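As the structure is a prediction and not an experimental result, all values here were calculated from the model. Computed over heavy atoms, backbone and side chain alike; hydrogens, waters and symmetry mates excluded.
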Amino acid sequence: MGNVSGLLLVFMILTGHLRLGSCDTDPQDAAALRSMLSEWKNAPPTWGQSSDPCGSPWEGVFCDASRVTSLRLSTMGIKGTLSSDISQLTELQSLDLSYNGDLGGLLTPNIGNLKKLTTLILAGCSFNGKIPEELGNLKLLSFLALNSNKFNSRIPASLGLLSNLYWLDLADNQLIGSLPISVNATPGLDLLLNTKHFHFNKNQLSGEIPEQLFSSEMTLIHILFDSNKFTGPIPSSVQLVKTLEVLRLDNNALGGPVPSNINNLTSINELNLANNQLTGSLPNLTGMNNLNYVDLSNNSFSPSEAPGWFTTIESLTALVIESGGLFGQIPQGLFSLPQLQQVLLNNNRFNGTLNMGSIISPQLQLVNFRNNSIDEVVLTSSFTKTLILSGNPLCSSSAENTKSYCLLQQQAQTSYSTSLANCGGSTSCSSEQKLNPRSCSCAYPYQGLMVFRAPSFRDLTNATLFKELETSLWTKLGLAPSSVYISDLFFNSDNYIQLNLAMFPSSGMYFNRSEIQRIGFYLSNQTYKPPDIFGPYYFLAFPYTFSGGKSGKTTISTGAIAGIAAGCIILVIGLVCVGIYAYLQKQKAKRAIEQSKPFASWGAGGKDDGSAPQLKGARWFPFDEIKKCTNNFSDANEIGSGGYGKVYRGILSSGQMVAIKRAQQGSMQGALEFKTEIELLSRVHHKNLVDLVGFCFEQGEQMLVYEYIPNGTLRENLTAQLMHRLVQLLQGYLDPEYYMTQQLSEKSDVYSFGVVMLELITARQPIEKGKYIVREIRNAVDNYDEEYYGLREMMDPVIRDVGNLTGLRRFVRLAIRCVEESAADRPTMNEVAVSTDSLPHISSSVKLSNPTLWGGLFHEARGVGAWRPDPTPETKL
């Protein structure tokens with residue numbers, strides 16, 4: 001048996017199944033991952049297949065310099081618990097285990113040892129018990145999503161120590177007790193001044209909402225406290241949070257009058273106080289001119305006539321006050337509000353005549369005055385949608401009771417669903433498959449529930465809105481056009497819009513695991529942003545069936561395994577002989593392979609499959625051809641040089657003149673990085689960029705062949721730096737709209753320019769350790785910090801230490817305008833140039849940190865120099 005073991009060892013070495021030599025992964029990190037694996041079932045198939053999670057990467061594991069920095073394992077079907085040894089991943093910055101519904105148990109307190117963690121996402125799992133107090137140790141944490149689990153403890157007061165927290169989502173658990181606030185040395189939620197989102201809805205939280213919870217220093221935009229057990233009054237301090245856009249306190253047991261200053265919240269677009277025990281007068285909402293949706297139903301307000309604000313808030317899309325004690329005449333002006341979609345005023349005491357007037361909102365879909373005291377109605381041809389008047393005196397007469405508006409049951413309008421009309425009706429798919437609306441073929445989509453918690457509209461038939469949502473999804477999630485299917489739209493019992501979302505692979509029938517991990521992270525981390533009108537959302541993914549089954553593994557019988565083992569022993573002996581012969585021929589074959597397959601060495605050690613890069617409009621040049629067209633790289637043809645190497649003028653056999661960038665030893669990239677660079681360069685076309693003609697990757701050379709611009713010289717400081725950054729960090733610099741159009745524009749230049757501005761003041765790369773500079777800056781900005789605008793810790797010390805940065809705020813605001821997601825919201829390059837002229841102090845400070853790049857960039861902004869030169873002697877390339 002010992003001989004057999006030896007033969008197996010030789011076989012594994014020859015076939016590459018046993019790795020020899022040093023590992024890329026830190027031993028402590030590798031041990032922690034193995035411990036996690038030991039507590040999981042149905043882990044990704046690559047987990048445990050090697051002893052080197054970074055070097056022979058395990059799926060979802062991302063590393064930097066041998067240390068694990070990110071785990072992205074969304075929707076992997078993992079079952080089990082989270083090992084306490086995760087605390088050994090001391091360099092971990094991002095942990096996403098979302099949508100693994102069978103991953104649960106108690107959340108280990110050791111997670112509090114991950115001091116570098118910035119993102120923690122456990123949404124849609126089955127964790128229960130206590131939320132660990134130790135989470136308060138994660139001082140760098142900016143995103144915390146524990147929603148849709150089974151936690152049943154109090155909210156730990158230690159969360160108040162997370163001063164960098166932007167997103168706090170504890171919704172849809174079984175949390176109990178009151179909201180913690182700071183007392184002396186004990187922290188509380190009132191200390192979270194930089195947090196934008198308090199999502200505590202759908203729990204069992206109780207007690208009064210503390211008056212101390214809110215302050216004018218807070219920057220909250222969403223307060224979602226609905227569907228809990230809160231009692232007592234609405235704290236008047238809530239009106240101090242002027243940034244607030246959504247306030248949902250519905251479905252609690254709140255009492256007393258609504259604070260009289262509630263209309264100070266002029267940024268609010270949704271106000272929902274329904275289903276409480278509020279008393280006193282109906283709140284005065286005059287001046288809340290951004291309000292879209294208001295629901296004050298089912299409280300105990302004092303009887304009153306319709307308030308004046310019914311006809312003055314022109315932004316209103318839905319007015320819902322059921323059982324509100326309203327009486328008197330219905331104001332005609334209500335129905336002419338231009339954005340109005342629904343009026344639900346049933347179970348009140350309105351009387352007299354309902355006259356909607358001749359000017360009616362074209363968006364109005366539903367008017368419900370069921371169970372009032374209306375005895376007459378004046379109808380016009382301006383309104384042809386749904387009107388409900390059953391239960392009014394009007395409908396008791398025989399002349400009226402057969403009219404459609406008096407019927408108890410009326411035909412409901414059909415909610416939107418993605419059209420499959422182009423696919424005909426003949427194709428049927430299996431139970432786990434669906435019809436791809438793009439290809440009209442059956443595939444396995446990534447599916448789940450998408451829930452919008454505070455939409456600014458009520459019309460579920462509006463095809464324009466939902467087609468915009470579809471386009472937003474496939475564009476921002478990097479899917480193929482028209483590969484999104486929306487169905488089963490409705491308002492659920494929580495008054496949220498709920499829909500079934502199916503996303504299809506660009507090709508084939510399945511997504512691979514890395515694609516599911518990426519899409520799941522984009523949705524769980526809120527990287528994906530829907531159109532503003534849909535408001536805050538969450539996504540709950542269904543389990544995904546991967547090709548070959550959930551685990552990607554198959555089950556083999558014991559007998560089959562024994563037969564295979566016996567056969568393998570015989571096979572190994574033959575393979576050893578073949579392996580020895582192959583080894584002896586290796587050196588001889590190597591040269592032949594290099595000559596016949598110039599792309600065989602893209603990967604280190606020849607691990608790549610030898611395929612050529614996928615190019616658009618560019619080609620491979622043999623080294624001998626480049627050598628010939630530059631006259632053996634003669635000095636006479638040298639037109640530029642720099643840290644990267646030299647640039648030569650050359651004439652191809654076709655007569656085309658080209659500029660050839662030849663990398664010198666020490667400045668070359670890895671082979672796969674070079675392959676990625678030329679693939680990206682071949683795709684980028686822009687009026688201000690020279691086009692890539694081709695490349696040479698042969699005989700240890702890395703050369704790029706560009707079109708040649710007469711009367712110009714290569715200018716390293718602008719072209720080399722910008723082009724190199726554009727390729728190496730393309731996702732960091734590129735206009736988001738490029739991914740939809742595959743075209744660059746002047747506004748794309750502005751976006752890239754804005755990224756570089758942020759890079760200049762921070763001395764950071766656009767994407768560094770998984771953090772995107774645009775998002776980091778936006779999260780860090782503090783309007784109340786007069787000197788550093790909230791960016792002191794992020795700034796380049798060379799700039800920060802200059803002092804008296806009077807132009808910093810305007811500089812950062814200009815940069816943020818340049819990186820707006822929509823091109824229409826960005827300034828033109830001319831406007832940028834004008835703005836930069838008025839920033840002398842911060843400009844000089846930034847120039848100190850990188851004078852060459854600063855000068856080149858602002859030369860570009862003012863239109864003096866460009867990436868592709870005008871044909872004048874003074875122009876530089």
**OP:** Go through the steps for Glu776 and Arg764 under the test salt bridge (Lys or Arg N to Asp or Glu O under 4.0 Å), then give the verdict.
**Re:** CA-CA 11 Å; Glu776 294 298 309; Arg764 299 184 183 185; 5.4 Å; no

Original post:
Just one of Lys116, Lys115, Gln28 clears the side chain to side chain donor-acceptor pair (under 3.5 Å) bar with Glu91, so which one?
Top reply: Lys116

**OP:** Walk me through it: do Leu120 and Ile111 pass the test side chain to side chain contact (heavy atoms under 4.5 Å, CB included)?
**Re:** CA-CA 10 Å; Leu120 175 57; Ile111 204 166; 3.9 Å; yes

Subject >> pair Leu449-Leu501: side-chain heavy atoms closer than 4.5 Å >> reply: no

**OP:** Grab the two heavy atoms, one from Glu59 and one from Pro45, that are nearest each other, plus how far apart they are.
**Re:** OE1-CD, 3.5 Å

Original post:
If you round to the nearest 0.5 Å, how far is NZ of Lys467 from OG of Ser482?
Top reply: 10.0 Å

Original post:
Do Asp29 and Pro53 come within less than 4.5 Å of each other through their side chains, counting heavy atoms only?
Top reply: no

**OP:** Report the distance from atom CD of Gln88 to atom OG of Ser35, rounding to the nearest 0.5 Å.
**Re:** 9.0 Å

**OP:** Report the distance from atom CH2 of Trp474 to atom CG of Leu479, rounding to the nearest 0.5 Å.
**Re:** 9.5 Å

Original post:
Is there a donor-acceptor pair closer than 3.5 Å between any side-chain N or O of Ser142 and the backbone N or O of Asn164?
Top reply: no

Original post:
If you take all heavy atoms of Asn436 and Pro505, which pair is closest and at what distance?
Top reply: ND2-O, 3.9 Å

Original post:
NZ of Lys196: more than 12 outside heavy atoms within 6.0 angstrom?
Top reply: yes

**OP:** State whether a side-chain donor-acceptor pair under 3.5 Å links Tyr538 with Ser148.
**Re:** no

Original post:
With a 4.5 Å limit on heavy-atom distance, are the side chains of Ser94 and Phe143 in contact?
Top reply: no

**OP:** Answer yes or no on whether Arg72 is positioned over the face of Phe62, meaning its NZ or CZ is under 6.0 Å from the six-membered ring centre and within 45° of the axis.
**Re:** yes

**OP:** Please report the closest heavy-atom contact between Asn137 and Gly112, naming both atoms and the distance.
**Re:** CB-O, 3.4 Å

Subject >> Pair Arg67, Thr90: side-chain N/O donor-acceptor within cut-off below 3.5 Å >> reply: yes

Original post:
Short question: side chain of Asn173, backbone of Phe151 - any donor-acceptor pair under 3.5 Å?
Top reply: yes

**OP:** Tell me yes or no: between the side chains of Tyr166 and Gln526, is some donor less than 3.5 Å from an acceptor?
**Re:** no

**OP:** Compare all side-chain heavy atoms of Ile121 with those of Asn525 and state whether any distance is below 4.5 angstrom.
**Re:** yes

Original post:
Less than 4.5 Å apart, any side-chain heavy atom of Pro445 and any of Tyr485?
Top reply: no

**OP:** Grab the two heavy atoms, one from Tyr416 and one from Phe466, that are nearest each other, plus how far apart they are.
**Re:** CD2-CB, 3.3 Å

Original post:
Is Glu821 paired with Lys529 through a side-chain N to carboxylate O contact shorter than 4.0 Å?
Top reply: no

Original post:
Do the side chain of Ser158 and the main chain of Glu133 share a donor and acceptor less than 3.5 angstrom apart?
Top reply: yes

Original post:
Stepwise, does the side chain to side chain contact (heavy atoms under 4.5 Å, CB included) test hold for Leu71 with Met36?
Top reply: CA-CA 12 Å; Leu71 293 179; Met36 293 170 65; 3.9 Å; yes

**OP:** Evaluate the ring planes of Phe198 and Phe200, with Trp represented by its six-membered ring, and classify them as parallel (under 30°), tilted (30 to 60°) or perpendicular (over 60°).
**Re:** parallel

Original post:
Has the side chain of Ser417 got a donor or acceptor atom that lies under 3.5 Å from a matching backbone atom of Ser487?
Top reply: no

**OP:** Answer yes or no: does atom CG of Asn492 have more than 12 heavy-atom neighbours from other residues, nucleotides or ligands under 6.0 Å?
**Re:** yes

Subject >> Pair Glu39-Thr81, side-chain donor/acceptor within less than 3.5 Å >> reply: yes

Subject >> Asn512 side chain vs Ser514 backbone, donor-acceptor pair below 3.5 Å >> reply: yes

Subject >> side chain to side chain contact (heavy atoms under 4.5 Å, CB included) between Leu165 and Leu159, intermediate numbers included >> reply: CA-CA 9 Å; Leu165 201 61; Leu159 296 186; 5.8 Å; no

Subject >> Min side-chain heavy-atom separation Trp40-Leu73 under 4.5 Å >> reply: yes

**OP:** Could you tell me whether the side chains of Arg453 and His222 share a donor-acceptor contact shorter than 3.5 Å?
**Re:** no

Original post:
Is there a donor-acceptor pair under 3.5 Å between the side chain of Asn100 and the backbone N or O of Gly77?
Top reply: yes

Original post:
Which atom pair, heavy atoms only, marks the closest approach of Ser472 to Pro531?
Top reply: OG-CD, 3.8 Å

Subject >> Any donor-acceptor pair under 3.5 Å from Asp26 side chain to Ser66 backbone >> reply: no

Original post:
Just by distance, do the side chain of Asn228 and the backbone of Asp226 share a donor-acceptor pair under 3.5 Å?
Top reply: yes

Original post:
Quick one: do the Ser74 and Ser524 side chains pair a donor with an acceptor below 3.5 Å?
Top reply: no

Original post:
If you round to the nearest 0.5 Å, how far is CG of Asn110 from CG of Leu89?
Top reply: 11.5 Å

Original post:
Are the side chain of Ser126 and the backbone N or O of Gly101 linked by a donor-acceptor pair below 3.5 Å?
Top reply: yes

Subject >> Nearest heavy-atom neighbours spanning Arg438 and Pro481 >> reply: CD-O, 2.8 Å

**OP:** Enter the distance from Phe127:CZ to Leu103:CG here, rounded to the nearest 0.5 Å.
**Re:** 4.0 Å

**OP:** Answer whether the closest heavy-atom distance between the side chains of Phe452 and Leu499 falls below 4.5 Å.
**Re:** yes

**OP:** Answer with yes or no after comparing the ring centroid distance for Tyr99 and Phe539 against a 6.0 Å cut-off, counting only values under it.
**Re:** yes

Subject >> Derivation and outcome, side chain to side chain contact (heavy atoms under 4.5 Å, CB included), residues Leu523 and Tyr537 >> reply: CA-CA 9 Å; Leu523 291 168; Tyr537 76 94; 4.1 Å; yes

Subject >> Note, Tyr496 side chain near Lys202 side chain (heavy atom, < 4.5 Å) >> reply: yes

Original post:
Taking atom types as modelled, is there a side-chain donor on Tyr510 or Thr545 under 3.5 Å from an acceptor on the other?
Top reply: no

Original post:
Does any N or O in the side chain of Asn203 come within less than 3.5 Å of the main-chain N or O of Gln174, such that one atom is a donor and the other an acceptor?
Top reply: yes

Original post:
Rounded to the nearest 0.5 Å, how far does OG of Ser70 lie from CG of Leu92?
Top reply: 7.0 Å

Original post:
Looking only at side chains, do Ser50 and Asp52 share a donor and an acceptor under 3.5 Å apart?
Top reply: no

